[in-house]
Amino acid sequence: MDKMPKWADVVLIPLISLILAAALSALVILGIGEDPVAAVKMMVSGALGSTYGWGYTLYYATNFMFTGLAVAVAFHARLFNIGGEGQAMLGGLGVALMCLYVPWPHWSLALIGATTLAALFGAAWAMIPAWLQAKRGSHIVITTIMFNFIASAVLNYVLVNLMRPKGSMDPATARFPEAAHLPTLHDLLAPLGISFSKAAPANVSLLVAVAACILVWLLIWRTRLGYEIRAYGHSETGALYAGISPVKITMITMLISGGLAGMMAINNVMGEAERLVLNATEGAGFIGIAVALMGRSHPFGVFLAAILFGFLYQGGAELALWTSIPRELIVVIQALVILFTGALDNMVRMPLEKLFLSLRRART
Amino acid sequence: MSDTSPAIELRGISKAFGPVQANKDISIRVMPGTIHGIIGENGAGKSTLMSILYGFYKADAGEVFINGRKTEIPDSQAAISAGIGMVFQHFKLVETFTVLENVILGAEEGRLLRPSLARARKVLAELAVEYELNVDPDARIDQIGVGMQQRVEILKALYRQADILILDEPTGVLTPPEADHLFRILDNLRAEGKTIILITHKLREIMDITDTVSVMRRGEMTATVKTAETTPEELAELMVGRKVLLRVDKAPATPGKMVLEVKNLRVRDDQRVERVKGVDLNLRAGEILGIAGVAGNGQSELLEVLGGMRPATGTVTLNGTTLKLEGRGSDGQSRRAAGIAHVPEDRQREGLIMEFHAWENVAFGYHHDPAFCRGPLMVNAALVRDTEAKMEKFDVRPPDPALAAKNFSGGNQQKIVVAREIERNPDLLLVGQPTRGVDIGAIEFIHKQIVALRDQGAAVLLVSVELDEILALSDRIAVMFDGRLMGERLPDQTDERELGLLMAGVSGAAA
Amino acid sequence: MDLMTLIPVLDSTIRLSTPLLLACLAGLFSERAGVFDIGLEGKMLMAAFFSAAIASVTGSVWLGLLAGIASSMVLAGLHGLASITFRGNQLISGVAINFLAAGITVLIAQHWFHQGGRTPSLIGAGRFSPIELPLAGPLSGVPVLGPVYSDLLSGHSVLVYIAFLAVPATWWVLYRTRFGLRLRAVGENPAAVDTSGVSVVGMRYAAVAICGLLCGIAGAYLATALQAGFVKDMTAGRGFIALAALIFAKWRPWHAMWACLLFGFLQAVALRYQNIDIGGVVIPVQVMDALPYILTVVILAGFVGKAIPPRAGGEPYVKER
Amino acid sequence: EPALIFDLGGKFDKSFNEAAFTGAQRWADETGGSFREIELQSEAQREQALRRFAEAGANPIITMGFAMADPLSNVAPDYPDTKFVVVDVTWIKGDNIRQLGFAEHEGSYLVGMLAAMASKSGTVGFIGGMDVPLIRHFGCGYAQGVKAVNPDAKIIANMTGTTPAAWNDPVKGSELTKAQISQGADVIYAAAGGTGVGVLQTAADEGILSIGVDSNQNHLHPGKVLTSMLKRVDVAVYDAMKAGNDVEPGVFVLGLAEDGVGYALDDNNAALITPEMKAAADSARDKIISGDIKVTSYYENDSCPVLDF
Ligand SMILES: Nc1ncnc2c1ncn2[C@@H]1O[C@H](COP(=O)(O)OP(=O)(O)OP(=O)(O)O)[C@@H](O)[C@H]1O
Ligand SMILES: Nc1ncnc2c1ncn2[C@@H]1O[C@H](COP(=O)(O)OP(=O)(O)OP(=O)(O)O)[C@@H](O)[C@H]1O
Ligand SMILES: [Mg+2]
Ligand SMILES: [Mg+2]
């Protein structure tokens, strides 16, 4: 018998964890001498109070959907992909190459090309740790961490020495040509008669991210491959018995995961910056971990959690802009969310299980 | 005896693991200087009870008295202080440490290691003489055999000057000579006045060595009797709760064409140790070949190779085609495609995904079957229907395809696995420990299904550590010892004694 | 390279290896006890901030050191709470701790000092100053030995010597004491320790506390000896290099020292030379930066000896499901 | 309400960004006005910060550093009614942008002369931040000043890195300082933003002289910082804020003549600058303004006549 009902597992526990994280965050705000209520108000109005705010919230959320899905897919195979950051960086390189060196006739084709190469680059970057895990038993957490650092060195080299336009001082690529610029939500919604802020960077990648959520859901819960991934994640010996190759599943899962992380670049690099800069990922790869944990590795959960984190990010940026609360507040909130929904999960779970168990005993 | 207080007395011990009530209000008394046996089916709660006595688990309710005094045992330290030592079913040794280091762990004197090690070396030498417990104190645990490891565990207890020694299924991993040696040691210890609790589910061991015996069933203590005043039949009945009839009605086999031929099969385990050392066997359609042996003699590996779970060398032909034993095409999928079905030894770790719904598990291993698939997608509705049919036919309770596998009882889990495999109508059925931890009713049912499959013309390779089961089901019996087959017997021309000798590596008259 | 150019590089190697070594030994204690710790970075950062903050407020670097250690141990306790008491995922806990430290240090720094997440520069007794080893002056004239002793070995802050003395100390504790035996055992098979009557939880908390202590010293070294104050993210990935060194060393103390010296040397070289020309082949500085990570991956891949972590590492000790 | 966007080194880098903050603070103190500000954390935020301030109606928006060139040329056209000011950028298009450059080579020339005069070993050092033409421009002027005093002087030049992280890496600054000291340098000029803090610190610890940059850094280690090459970013920011919405767009380069650059002399370094040194530097200043001394700019043909980087 399960120790508690499913709804408690997927809704109640994350909710309580979230409340705990929020409460502690409020204490932190109080601790630095600010007013939590005012801070929340400002975050809400800054992130959700205007189409401009929404535009940024959704822009960040798009990033987090990709990286969150990347972590979630890997979680299903019990692989902890901490390398989303590096994979997204490499994805950015793929996007930049596609946008700069291919003369695209239309943004839609450019998007397809860039998405493909971004996914390929991200997947390639995940492939080595995956292979090492599958074939040589190297712990994938450590190798993906190492690959994050290596990725940033690679990008650094490429931007400083290879892709920086002549005469430019920034380690950044040239701007992408007009044809590779993606339509923003403003452009997309205008024909529908909805006016949306022109300045906000949310763009058509959001739709790609939502599509990715749906596809990942199909993959995990409806396909044979997803079945094998989940089976392998639950029991490695079971997978062996069923003739599911651990090597194959590890590789494929990580390729998908890395590909998803890499695809983030169509949003931040192609959709927003329209050039590749250093540190373009801004830690989104790590936020993916929090998003996947909060979302219980379910694409719909990831979608919601990504929006929540998009809100936190945009709200946090507003705080930094208009108050003296540093932007690092969101890093703290993020840490608390990871802590409570991930590492301290049992702190909430154990008493709840006891509660449900005694409730059931009382009933019978 | 009457005026001495019991060495151990447990009163009203209860323990639940989440929803599972492992021990229910158990009371027991063990007199000093005796060997007390505890028997019971798998999962009856024996290990749990003893682990509570040793402070490994904390009881939800109940009291412990040692030598008549009420004693709190919140942790193993308290148990050790009270003079209790325990040899666990699964040894608790640090594999990368030496014997000596394992012995002193937790019983060091002083903060520095050297003096402790020196003293332990001396004590070990004395104990070796006193109880015939020879081990190399400097050998690393992962480099000595299980028999030796068990000695280390016993030495650990004696080094801590235990007066009360608990042994949890000590003979499961031992060969008969090793087991005999162990019982001699236990005799010596009893003679020294030590008290011993022996958990086993082998009735013969109980009858041979214990003074008193308690029987557990489903978390409860059903009886405690003097060994001299009972019979194995009575104990068996107490154990399972009704009369045991370990015979299967089956017609004589009518072996048909050759299905499986194995030649010079060799298997290495993950540590590169050779576990199967050149096995030859063949199996015809319509017969059951039973492979007997003490656990750990290579029969699991044999089954795993045939089931595609590990690589091997040698030749295996199925219906005349050679099977690949390594690399691509040697996995479980290829085996299934070739017509082999496999009921694995460990249903929870191998045969089922415990978190999956029953209907998902019914596709497990067969998830590429076109009947369940459309393109890359799986057709869940078809699976649910199929599951409902199988559940009805095999009387799985509750018949709910959406229930997670972990929420079925052990017997019903096994029925799901057996249903899945038998219903494929394979040419060759591999069965490992089909009735481990399964109640008697389910045992009968599963045995019938296996025989029925044989009668339909399938070849069945049965691996079991239960001699009764081997004798009841097999048309031919092979005994495996140390990675080799010790020769074949026909069930009606042999008995447990002869098989026992073979299992111990004594090769008897013929080979 | 002649001695005179080599010595400053090696000198700098020692300085830069010190935080790596302290953090690496910290990780060694924790991971040998079966608690994986990717939060070394966060603990160091926390300690760096609090040591600098308290040193700047009180003017005493020793109080700063204590504060740094205390703050690092608080995070270590949090890691223990999550991974030992509540049997959570140790990796996730480590990730959370890194973020927590990165954020909270800046928040508090800003709240206290209003300097954009820094502490004021430390002066005088607020910093660890170099100490001269005995006879460093008179010996400096002796050829070879003189510069090696007086310039290379002498003249570091006391924390550097503590770090290098911690290596034999760690070795001794691990292999020569009861505590070490139990610590190693609990990382290999906690059930064996438990049934021997020793508290697994106690041992693991002890290990995690030592880890916090050493990370605390490492962080304090960064902010109060190597530099004169805290700036945000000043650990700059050193916790991860230490982790890499730990794997590189296969969880052994002496090897850890050599690994940290190697990685420190790579850093020292990368700091001084932007691009290194070796026989016509120019090695870009990015390769030097990434080399510790690349080497670790190679080691992990088992191409150069296999790195086998403590067997019970990363797994919470669960008796009852 | 004006807004100020600091570059990655952060507003308390004691140098470039802090100069801007000082100017803004002076304006606020004098007028009682207030201004918006943000410290960037990453490259990716530049555009968001610009847009957010523009959306919120801040005017003028003052930005620091050459890395703003690209985002600014992207954003400015979207907000024609907003005035933008950018420091260290002189080459972008935009009718609503005031672009400010400084003749850093002239100021560096003066501190180079002082360095050469203060040096006893005849070896002086230069530690630059991110390796970009702008910083080579500093170094080149400095080297010319050194050579003008002592043609035999040896100049050791190092750059901290190739990315913006080079502006904020005191550990590296400190290590490079030690390296230069071991090569004989006894005066070191740090043109490296926040990294310079480490340079000045180590120089003071090791008992040699250092030269600060952008802000007056003499007070950081009184008596141990020879002087600072002043780049009057503070004045530029102050003026822009004071002009408010009427700030004049266009490209402006401020040199010695405009008092846009110079060297710092105060109580902290009074003992280090002898009257002769001061006289020499001041006369060179006059000659540069009058054109009698021509300090070659690195930008002229992307190379320096007296120093190889
Ligand atoms: N640590 C545990 N957590 C949860 N459940 C447990 C745990 N240990 C045992 N159980 C459950 O408690 C019940 C009794 O188990 P126990 O191991 O005591 O049986 P046993 O009689 O020793 O069986 P066996 O003969 O198989 O060793 C079983 O249902 C088992 O699944
Ligand atoms: N590990 C477990 N997790 C959750 N529930 C369990 C677990 N093990 C057993 N249960 C629950 O306890 C009930 C009893 O299980 P158990 O395996 O002890 O049955 P049983 O009486 O031995 O039956 P059977 O003879 O069929 O094995 C099951 O219905 C199941 O719901
Ligand atoms: Mg048991
Ligand atoms: Mg059962």
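Labels below follow one simple rule: chain letters A, B, ... track the order of the sequence lines, proteins then strands, and each chain is numbered from 1.
With respect to chain A, the highest number of heavy-atom pairs below 4.5 Å among C:Ile38, C:Val106, C:Ile104, C:Leu78 belongs to C:Val106. Heavy-atom pairs under 4.5 Å with chain C were tallied for A:His139, A:Gln133, A:Gln334, A:Lys135; the largest tally goes to A:Gln334. When each of A:Thr143, A:Ile145, A:Leu336 is checked for heavy-atom pairs under 4.5 Å with chain C, A:Ile145 comes out on top. Annotation: maximal heavy-atom pairing with chain A below 4.5 Å, among C:Leu91, C:Asp289, C:Thr296, C:Asn89, occurs at C:Leu91.
When heavy atoms are compared at a cutoff of 4.5 Å, A:Phe340 does not approach chain C at all. Neither the backbone nor the side chain of C:Ile241 comes within contact range of chain A, judged by heavy atoms closer than 4.5 Å. For A:Met347, the parts sitting under 4.5 Å from any heavy atom of chain C are the backbone and the side chain alike. If you measure heavy-atom distances from A:Ser152 to chain C, you find no contacts under 4.5 Å at all. Contact of A:Leu293 with chain C is made through the side chain alone, with heavy-atom distances under 4.5 Å. A:Val160 touches chain C through its side chain: at least one heavy atom from C-beta onward sits under 4.5 Å away, while N, CA, C and O do not. Only the side chain of A:Leu132 comes within less than 4.5 Å of a heavy atom of chain C; its backbone N, CA, C and O stay farther away. Looking at A:Ile289, the atoms closer than 4.5 Å to chain C (heavy atoms on both sides) all sit in the side chain, from C-beta outward. Using a 4.5 Å cut-off between heavy atoms, A:Ile82 touches chain C through its side chain atoms alone. For chain A, no part of C:Leu291 is nearby; none of its heavy atoms comes within less than 4.5 Å. Using a 4.5 Å cut-off between heavy atoms, A:Asn161 contacts chain C through its side chain alone, with no backbone atom that close.
Checking side-chain atoms of A:Arg136 against main-chain N and O of C:Ala301 turns up a donor-acceptor pair under 3.5 Å. Remark: side-chain polar atoms of C:Glu31 are not paired, donor with acceptor, to backbone N or O of C:Phe36 under 3.5 angstrom. Remark: the backbone N or O of C:Val35 is paired with a side-chain donor or acceptor of C:Ser30 at under 3.5 angstrom. With A:Ser138 contributing its side chain and C:Leu300 its backbone, the two residues share a donor-acceptor pair below 3.5 Å. Between the C:His111 side chain and the C:Leu107 main chain, no donor and acceptor come within less than 3.5 Å of each other.
The existence of a salt bridge linking C:Arg87 and A:Asp345 is excluded, since no basic side-chain nitrogen approaches an acidic carboxylate oxygen closer than 4.0 Å.
Taking the six-membered ring wherever Trp is involved, the centroid distance between the rings of C:Phe263 and C:Phe248 falls below 6.0 Å. Annotation: A:Phe80 is in aromatic contact with A:Phe75 [ring centroid separation under 6.0 Å]. Note: C:Phe50 and C:Phe230 fail the aromatic proximity criterion, with ring centroids not under 6.0 Å apart.
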query: Under the side-chain hydrogen bond (donor to acceptor under 3.5 Å, both in side chains) criterion, do C:Asp194 and C:Tyr317 qualify, and how do the steps go?
result: CA-CA 10 Å; C:Asp194 192 5; C:Tyr317 178 50; 2.8 Å; yes
